[in-house]
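We name chains A, B, ... by the order of the sequence lines, and we start the count at 1 in each one.
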Amino acid sequence: MLASAADNAGKIHYPFRMTETPIAQIRNFAIIAHIDHGKSTLADRLIQATGALPEREMTSQVLDSMDLERERGITIKAQTVRLSYRAADGLTYALNLMDTPGHVDFAYEVSRSLAACEGSLLVVDASQGVEAQTLANVYQAIEAGHEIIPVLNKIDLPAAEPEKVRRQIEEVIGLDASGTIEISAKTGQNIEAVLEALVTRLPPPEGDATRPLAALLVDSWYDPYLGVVILLRIKDGRLRHGQRIRMMSTGAVHTIERIGVFTPKMQPTDDLAPGEIGFVTAAIKTVADCRIGDTITDDRHPARSPLPGFKPSVPVVWCGLYPADADDFEKLRESLAKLRLNDASFHFEPETSAALGFGFRCGFLGLLHLEIVQERLRREFDLDLIATAPSVVYRLHLGNGSVKELHNPADWPDPATIEHIEEPWIKATILVPDDHLGAVLGLCNERRGEQVDLTYVGNRAMAVYRLPLNEVVFDFYDRLKSVSRGYASFDYQMDGYAPGELVRISILVNGEPVDALSFIAHRSAAEARGRAICARLKDLIPRQLFKVAIQAAIGGRIIARETLGALAKDVTAKCYGGDITRKRKLLEKQKEGKKRMRQFGKVEIPQSAFLAALKMDA
Amino acid sequence: MDPLALYIHWPFCLAKCPYCDFNSHVREQIPEQRSRGALLRELEWEAGRLGSRPLASIFFGGGTPSLMAPETVFRLIEAASAYFSPLPEIEITLEANPTSVERSKLAAFREAGVNRLSLGVQSLDDRALHFLGRLHSAAEARAALTAAREIFPRVSFDLIYARPGQDLSGWRAELAAALSFGPDHLSLYQLTIEPATPFAALSAQGKLALPPAETAALLYEATAEEAAKHGLLPYEISNYARPGAECRHNLAYWRYADYAGIGPGAHGRVTIGDSLLATRRRRAPEAWAARVERSGHGTDEEEALSPTERAREMLLMGLRLAEGIELERFRARAGLALSSAIDRQALTDLLAAGYLAWRGGKLAATEAGRLRLDALLPRLVR
């Protein structure tokens, strides 16, 4: 969401009429870059060079408006800015910069943003070179038919090796790097050349204003003053005030209230013509009604068919979210609802755990998405949360011929009814300096990876692996980081389902299952992970009056076991006449505390032990 | 009605020990006359409402009661004997520190009527005494023990163990040396860190580490073994006595009998009419004395205990005793049957685990149960 959308609500100046730009003078482009390679700095510089914002309103990274986006250097929501640029040919061009979400979790959102543009700037750090994430995005851009302009950034750094990185662009990506522009977004060096290249090297958009309206819904967000704001790209037809529009996937009809473009402030216009990127509002209550990739058309004269590529968003990773303090349950429910106002790709439904109490089962587009939502709940809503181990979505083929999709270990059916199980796989691309290659390949093999390709570029290797997604959601990033000392870069895309020998592992305390700790894993990993959880619980559960058996089991078969010995000693040494009241009150307090305990046979275990066991996972 | 136990608190110390969280105060000049006057007055007030009951014991605790003038001790014993009906075998204990100054007063205390001395020896090792912040030496402790045994018919002393770095053989040796004095009663306390003491601060900074629970349990078991060699049996969690030499006054607490508490911060449990009153006096010596002078007593809080509260208190005290809790007495005192005061399932589990046992109509914690009593009580108590 643009900060300006909220900050400037109510400050929209009517009437305002943009000078209509002929379609030949429009250029729509995206910037593709790895984290820290300078995408946002370049965007800032372009905004500055074209005078879109007065100097005093320039804050660093104008487009990444959420705190989280700024901090992590990632973009979560798509955003645009319309730059007005007077080119060397004397004409004034409208350059629409589309800032795309930069992470694989949002691959579909990225593809829709790219579908709204005709070209991309490929920004590569001249000292770091091509990274895995760059690769995935640039291939998407190529698939979208983009003209791509390579840009080498940070050319001012002493460590810059432009020649080497140029070769990488040719060898790894397969792009002609002869037209590469060398810049420093930090110092502003050569920014003009980038603007000129956009005008001369990118094609103008195509579209027919006389045909029925067809607009691509790129993104949407909730604004407390305006309601839902839709970011869209007009392919054909025109969008006007008061027009009744129809969402082609749902058939829902709304009346346009506001139309405009981002400069990057919200600037109203009378209409939007083919090739243009802008926003509309139409008294829409929730972003869930605005599906990314949907086609917006005119209700009375609809387009014959929707634009290609629409896909409803489906969560890929699920986990349980529980408030650390049970009293926060209602607050968590409200906070999740508020977040969903602005993020329709995330799902939640109430869930109850015997060990953790009341919480929610939540679905996410990927691990980063999960992390972002958790982080926002913590920060923006001040919630202390516990997450159960993330799970992917399995397909259970049952004996009766039906297929059940399952992401919650608690829903695991009687194993006798399962014919076979399929799990989702990914295709992962990992770039790593060759000194760490052995360790990375070892990790991939340990995680049931299948090598697809292994090539070298200079002293770096690019490994392409197929991996089961469930092996990746379980601490893969952390391990990859540690085995490569942070040098590996990683990206992935979903790559279908394949049968796997999967089992549900239950964790038992004194023979009784702890629902929140059960998980689904491949048979080969079950024992090691079961043992690790048992050992961790042994450390976390306070000693009791009785021995506590901690076990991991697949069905009735125990695969790991730990025994927590009985408490050795716990008694007050001195207790005389003056201590009785204090001791009684302490006893009463302890009895109160037992309400937060969960009974396992003869022992009572504080909820905090299970919470701590899950926290260590995070 | 049970005979009464009378507790008299003398709050003054020469220095505060770093482990102690008792109501003790250091004053440049101990206000002897004022304190004596106020104690006598509060005793008179309390006796006035209790009536002339049989008196089983008097206990001078502190603080450091051996800092009292023997005259004060005498006057209080004399007054108590007049207000109440002392039993012929009345036990009159005074806590004393084994410094040479206080040793010189022992005969005078005996003269005043004290018949049992409880010496705060704490250790027979000079380095340990220094660590514990004590003002006496091991040599002074030995001299005081010898003197006390000559002067008093009954002598007990305290030791503190499970100190940082203390091992099993070291403690056995120290305890054996103490037992060679032939006491018929010993209080052997494991060092614990009490909130708002200098030791608590050190512990929070990580500068004081007590032995782990496993080691503490071993030390505890070794303590019972060593004491048993000299015929001293554990009749309460930290108290060991030759049969018949148990401290009758402290037994009144653990058996949850009536006791009156006189002096700053003193607690009492006294039956008046149908009520069992929990009483507490003001803690600060001056504020307490002022209140006594104004109203005849320094009571800060007094409340009648409900049957549930009485039951809980009786359980948490009674299970400290090896003898356990007598069912009939429990019902009479708490106004509640034991079966209504405890969780039946927990009782079954704890009996099966050997933490509790029935002993001739009494419910008792076994040695293993007493060792874990603080964990056991929240489960057992309903």
Side-chain angles (χ1 to χ4, degrees), chain A residues 354 508-512 535 537-550 562-610, chain B residues 5 7 9 22-23 59 61 160 162 187-192 212-218 220 236-238 249-250 252-254 256 259 261 265-269 278 280 301 305 309 312-313 315-317 320 345-346 349-350 352-353 355 369-379 381-382:
Chain A
L508 310 172
V509 171
N510 276 353
E512 292 188 34
L537 274 181
K538 188 186 173 186
D539 287 342
L540 289 171
I541 295 176
R543 283 178 183 263
Q544 307 281 320
L545 281 169
F546 306 98
K547 270 193 228 166
V548 180
I550 304 162
E562 292 277 356
T563 305
L564 177 66
L567 172 80
K569 183 173 187 294
D570 180 13
V571 63
T572 309
K574 280 188 179 189
C575 188
Y576 295 95
D579 303 307
I580 303 186
T581 312
R582 191 163 48 87
K583 289 291 287 174
R584 167 169 52 80
K585 292 198 167 146
L586 179 66
L587 184 59
E588 281 157 5
K589 219 168 112 189
Q590 285 168 328
K591 295 222 48 90
E592 196 55 36
K594 281 162 72 79
K595 289 180 185 161
R596 295 243 158 148
M597 303 253 203
R598 162 113 156 80
Q599 182 102 28
F600 289 91
K602 282 188 291 188
V603 306
E604 278 160 333
I605 295 174
Q607 221 171 54
S608 57
F610 300 120
Chain B
Y7 177 77
H9 192 77
F22 279 33
N23 187 27
F59 196 103
I160 294 177
S187 299
L188 304 171
Y189 299 114
Q190 290 215 353
L191 177 59
T192 50
E214 287 72 17
T215 311
L218 289 176
Y220 185 80
E236 191 263 355
I237 283 162
S238 301
H249 182 84
N250 288 341
Y253 299 143
W254 297 316
Y256 204 51
Y259 59 94
H267 287 247
R269 290 290 181 279
R280 188 173 64 77
E301 262 182 0
L305 297 170
E309 289 168 329
R312 286 179 174 165
E313 292 191 342
L315 274 166
L316 76 87
M317 293 307 265
R320 296 184 69 86
Q345 185 59 50
D349 293 344
L350 294 168
Y355 289 143
R370 293 200 297 275
L371 200 53
R372 300 166 177 88
L373 189 62
D374 289 1
L376 188 148
L377 283 166
R379 291 182 60 93
V381 171
R382 210 162 54 187

> Ignoring hydrogens and geometry, is there a side-chain-to-backbone donor-acceptor pair from A:Arg584 to B:Leu316 under 3.5 Å?
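No, A:Arg584 side chain to B:Leu316 backbone: no donor-acceptor pair under 3.5 Å.
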> Less than 4.5 Å to any heavy atom of chain A: does that hold for the side chain of B:Tyr355, its backbone, both, or neither?
side chain
> Quick check on B:Gln345 against chain A: is it the side chain, the backbone, both or neither that has a heavy atom closer than 4.5 Å?
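Neither the backbone nor the side chain of B:Gln345 comes within 4.5 Å of chain A.
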> Chain A: which of B:His249, B:Glu313, B:Arg312 shares the most heavy-atom pairs with it under 4.5 Å?
B:Glu313
> Side chains of B:Arg269 and A:Thr581, heavy atoms from C-beta outward: is any pair under 4.5 Å?
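Heavy-atom side-chain distance check passes, below 4.5 Å.
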> Quick one: what part of B:Leu371 sits under 4.5 Å from any heavy atom of chain A, side chain, backbone, both or neither?
both
> So which part of B:Leu315 gets closer than 4.5 Å to some heavy atom of chain A, the side chain, the backbone, both or neither?
neither
> Looking only at atom types and distance, does a side-chain atom of A:Lys574 sit under 3.5 Å from a main-chain N or O of B:Tyr189, one as donor and one as acceptor?
no
> Give me the atom names and distance for the closest heavy-atom approach of B:Arg379 to A:Leu545.
CD-CD1, 3.4 Å
> Are any side-chain N or O atoms of B:Arg372 and backbone N or O atoms of A:Leu567, one a donor and one an acceptor, separated by less than 3.5 Å?
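A pair under 3.5 Å: yes.
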> Looking only at non-hydrogen atoms, find the nearest pair between A:Ala573 and B:Gln190 and report the distance.
CB-O, 3.5 Å
> For the pair B:Tyr7 (side chain) and A:Gly577 (backbone), establish whether a donor and an acceptor sit closer than 3.5 Å, ignoring hydrogens and angles.
no
> Determine the option with the most heavy-atom pairs under 4.5 angstrom with chain A, choosing from B:Ala217, B:Ala375, B:Ser238, B:Ala213.
B:Ala375
> Counting heavy-atom pairs under 4.5 Å to chain A, which of B:Asn250, B:Leu191, B:Thr192, B:Leu305 comes out on top?
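Maximum pair count with chain A is reached by B:Asn250.
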